[in-house]
Asks: 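One structure, as structure tokens, below. Some questions next.
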Protein chains: 2
Amino acid sequence: METLAEILEFFHRGYVDYRPNLTIDCAIFGYHDGALQLLLVKNKIFTKWCLPGGYVRKDENLDQAAARITAERTGIENLFLKQFKTFGEPGRNSPQSVDVDQLFELTGIKAGDPGWLEGETASIGFYAITDIVNATPQADYFSSECRWFPVDKLPPLGFDHDEITREALFTMRMHLYHFPIGKNLLQQKFTLKEIKQFYEVMSGKQLNASNFPNKLISLGLIVKLDEKLKIGAHRSPAYYKFDEETYNKALAEGLVLA
Amino acid sequence: METLAEILEFFHRGYVDYRPNLTIDCAIFGYHDGALQLLLVKNKIFTKWCLPGGYVRKDENLDQAAARITAERTGIENLFLKQFKTFGEPGRNSPQSVDVDQLFELTGIKAGDPGWLEGETASIGFYAITDIVNATPQADYFSSECRWFPVDKLPPLGFDHDEITREALFTMRMHLYHFPIGKNLLQQKFTLKEIKQFYEVMSGKQLNASNFPNKLISLGLIVKLDEKLKIGAHRSPAYYKFDEETYNKALAEGLVLA
């Protein structure tokens, strides 16, 4: 919502197009150069950094809503967003993470204005992983800031977004063992050392020497190329690439790596 | 809701205590004697068998709601229910799975009566695994039937409950690799053959000779007892039991088996 008029329309008549009491929050992880980051937004009416989120329209399904909300808040399109958990603790959407005075001043809304935005709201968590170079955060009427933070150095988040982020990380790391990952994050060709390092960053821990790479090979998810990386006279590790067909099948059906 | 008065109160004024447009559906798997089953309910106003489900109260969180709904619909208490996915396709709660004529006749509700139950409803899926002997289905005003079906011989389900069941099975089977299971389903002591067979039933596939058992031993989740099962002169496999402390820690924190 870029203009005040859009925001007021949403506040007063949003119930026509949106489902009441149901939102989506997105934990968008960014991978680049061996580091894992998280995309956070902050605007004039938030008191803390938050995950990008928003309400679900009546005419869209949850996947579509997550894609739309992410695009509107952060400018990132075509993310592969995966639902992981819904959060519904009573009081989770209490207004302490909102700067109410600012909200009133910026919009002319007054305390006690009849609103459909009241009551307990459950939020459906989605996560996605992208290369951070793909992100071009965009501002709205409330002047969003939108910035990447290293996952191990996050600021305290608003609402229950600390918990949502923890659960997103937990599920993403469990999914490493059941869905292929890396196609748009690694170079087209890579060495076994590179893919092992990639899995170490994603899982947040040291892995056994060849755990993931060996399993990826044995399941046909990565295949050896004729080409080699030339480091020195006696060191020339082979390049590998993802096998498109096996990768997409595993993405759709799941598998067991470990 | 056991009486007509309770049902009418819910229909007309349920919005006071319940969150609108948010339900929970529970896939309760029953394990017994080497077979996996699913608990389904049917009543006079459903046209098909369904997962037990219901609305979420405003003063309870989602886990509490799932436990309450399961107890009310099926009589099963103290289930370890695990949330797995939320379903929100527009039209998923269309009335084609409800026998509207029966509803009107049984309740006196008329078409067009003002209702808070209209509009798109998202449903949060939970699953649980129990020994089927623990289930004592109970009836309500609409005369619920409540019965176990083998998971490989399910009838066509109402609403989008076929999809919810598929996703519940998929997630439960993924979780086999990340959470311990079996403490209230197996006998207190068991052989490696028995726990392998248990994992085969749960995962729905043949497993490598000693995949799960070996990993369970190496992680300290099961420990060998001095006692042995006496089958014959040269066959006396050792008994094992779960290690309480390791088991509970893994249940809380997750792990990687495979």
Side-chain angles (χ1 to χ4, degrees), chain A residues 15-24 56-66 82-93 116 118-126 160 163 167 169-171 173-179 203 205 207-208 211-212 215 252-258, chain B residues 15-24 56-66 82-93 116 118-126 160 163 167 169-171 173-179 203 205 207-208 211-212 215 252-258:
Chain A
Y15 60 84
V16 175
D17 292 326
Y18 292 84
R19 309 184 190 207
N21 309 106
L22 189 66
T23 58
I24 279 177
V56 181
R57 293 180 60 93
K58 291 177 180 174
D59 60 359
E60 65 190 358
N61 67 30
L62 306 180
D63 290 339
Q64 290 163 343
K82 220 167 163 56
Q83 198 200 118
F84 64 93
K85 190 172 182 180
T86 296
F87 300 82
E89 196 69 30
R92 60 169 291 282
N93 56 330
W116 63 284
E118 284 167 18
E120 294 302 339
T121 295
S123 190
I124 306 166
F126 280 75
D160 55 354
E163 183 193 356
E167 291 280 343
L169 254 182
F170 181 86
T171 308
R173 285 171 170 169
M174 183 167 74
H175 283 173
L176 290 178
Y177 294 91
H178 301 281
F179 298 99
S203 66
K205 61 186 181 193
L207 296 169
N208 287 343
N211 219 339
F212 273 104
K215 202 77 186 184
E253 297 172 8
L255 44 69
V256 180
L257 289 169
Chain B
Y15 60 85
V16 175
D17 292 327
Y18 291 84
R19 309 184 191 208
N21 310 107
L22 189 67
T23 59
I24 280 178
V56 181
R57 293 180 60 93
K58 291 178 180 174
D59 59 359
E60 65 189 358
N61 67 30
L62 307 180
D63 290 340
Q64 290 162 343
K82 221 169 162 57
Q83 198 200 116
F84 64 93
K85 191 173 181 179
T86 296
F87 300 82
E89 196 69 29
R92 61 169 291 283
N93 56 330
W116 63 283
E118 283 168 19
E120 293 302 339
T121 295
S123 191
I124 306 166
F126 280 74
D160 55 354
E163 184 193 354
E167 292 280 342
L169 254 182
F170 181 87
T171 308
R173 285 172 169 169
M174 183 168 74
H175 283 173
L176 290 178
Y177 295 91
H178 302 280
F179 297 99
S203 65
K205 61 188 181 192
L207 296 169
N208 287 342
N211 219 339
F212 272 104
K215 201 76 187 184
E253 298 172 8
L255 44 69
V256 179
L257 290 170

Asks: ring-ring contact (aromatic ring centres under 6.0 Å, His included) with Y18(A): which residues, sequence neighbours excluded?
Replies: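 Partners of Y18(A) under the ring-ring contact (aromatic ring centres under 6.0 Å, His included) test: F10(A).
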Asks: At their closest point, which heavy atom of R19(B) faces which heavy atom of E89(A), and how far apart are they?
Replies: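 Shortest heavy-atom separation between R19(B) and E89(A) comes out as NH2-C, 4.5 Å.
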Asks: Between E60(B), R57(B), H178(B), who has the most heavy-atom pairs with chain A when the cutoff is under 4.5 Å?
Replies: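 Looking at each of E60(B), R57(B), H178(B) in turn, H178(B) comes out on top.
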Asks: At a heavy-atom separation under 4.5 Å, does E167(A) approach chain B through its side chain, its backbone, both, or neither?
Replies: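 Neither part, no heavy atoms under 4.5 Å.
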Asks: Can you tell me which of Q83(A), K85(A), E120(A) forms the most heavy-atom pairs within a distance under 4.5 Å of chain B?
Replies: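 Between Q83(A), K85(A), E120(A), the count favours Q83(A).
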Asks: What part of F179(B) is in contact with chain A, defined as an atom under 4.5 angstrom from a non-hydrogen atom: side chain, backbone, both or neither?
Replies: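 Only the side chain of F179(B) comes within 4.5 Å of chain A.
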Asks: Nearest 0.5 Å, please: how far is CE in M174(B) from OG1 in T171(A)?
Replies: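 Result: 8.0 Å between the selected atoms.
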Asks: Using non-hydrogen atoms and a 4.5 Å limit, figure out which bit of Q64(A) sits close to chain B: side chain, backbone, both or neither.
Replies: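 Interface part for Q64(A): neither.
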Asks: Minimum heavy-atom separation for E253(B) and F170(A), please, with both atom names.
Replies: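 Closest approach of E253(B) to F170(A): O-CE1, 3.2 Å.
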Asks: List for me each residue that meets ring-ring contact (aromatic ring centres under 6.0 Å, His included) alongside F87(A), sequence neighbours excluded, and say none if there are none.
Replies: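 None.
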Asks: For D59(B) and P90(A), work out which heavy atoms get closest and say how close.
Replies: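 Smallest heavy-atom distance, with atoms named: C-CG, 3.9 Å.
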Asks: Among T86(A), T121(A), V56(A), N21(A), who wins on heavy-atom pairs under 4.5 Å with chain B?
Replies: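 Max contact count across the listed options: T86(A).
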